[in-house]
Amino acid sequence: MNDPDRQPRQPEKPDRRMLDILVCPLTKTSLRYDEKAGELISMAAKLAYPVRGGVAILLPSEARMLADEPVVPADKAGAALRDNRSLSGRSDD
């Protein structure tokens with residue numbers, strides 16, 4: 001049953017047609033697939049969404065903030081984007 005000569009299974013890539021229609025749930029902008037990291041990148045939201053078993057996990061709570069941006073909880077980033085505030089959490093009120 002277990003074949004020692006068998007190579008480890010490579011992670012499944014998302015379907016190309018599916019990638020063409022998926023958008024960031026926060027910004028509604030297109031996503032770029034990073035094959036090496038196995039993530040969908042939203043440059044507008046500065047988030048990287050994981051792809052597991054060929055399935056894109058488009059939940060802000062599962063996303064990783066991109067390294068060049070300050071760390072902000074995904075739910076706060078979503079609220080800031082919806083309210084047109086900066087991601088620093090400060091508002092001009």
Side-chain angles (χ1 to χ4, degrees):
M1 304 232 171
N2 287 339
D3 184 358
D5 295 329
R6 196 169 174 191
Q7 295 293 325
R9 190 171 180 192
Q10 295 295 324
E12 291 182 43
K13 298 177 190 175
D15 181 71
R16 175 56 50 194
R17 291 172 294 176
M18 185 62 71
L19 290 177
D20 290 340
I21 62 172
L22 289 176
V23 296
C24 174
L26 296 175
T27 64
K28 308 301 186 239
T29 57
S30 62
L31 299 167
R32 178 182 56 85
Y33 181 58
D34 181 342
E35 188 172 340
K36 185 176 179 181
E39 298 175 320
L40 290 171
I41 308 298
S42 170
M43 294 308 294
K46 306 293 186 206
L47 293 173
Y49 295 97
V51 176
R52 299 184 189 127
V55 177
I57 311 298
L58 297 178
L59 298 171
S61 61
E62 293 287 320
R64 171 180 73 79
M65 293 296 293
L66 296 180
D68 62 342
E69 294 298 315
V71 176
V72 177
D75 59 341
K76 187 173 181 182
L81 290 169
R82 283 191 305 274
D83 297 342
N84 294 321
R85 294 181 292 177
S86 73
L87 290 181
S88 67
R90 296 187 311 243
S91 66
D92 295 331
D93 295 335

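Only a predicted model underlies this, so the values are computations on that prediction, with no experimental measurement involved.
- Across L26, T27, L66, a single residue satisfies side chain to side chain contact (heavy atoms under 4.5 Å, CB included) together with S42, and that is T27.
- Within the 4.5 Å cutoff, no side-chain heavy atoms of L22 are placed close to those of Y49.
- Each of L47, L58, L19 was scored for a side chain to side chain contact (heavy atoms under 4.5 Å, CB included) with L31, with one residue passing: L58.
- Listed by chain and residue number, E39 satisfy the salt bridge (Lys or Arg N to Asp or Glu O under 4.0 Å) test with R64 (two or more places apart in sequence, or in another chain).
- Tracing side-chain contacts under 4.5 Å through hydrophobic residues (I, L, V, M, F, W, Y), one reaches L40 starting from M18; they form part of the same cluster.
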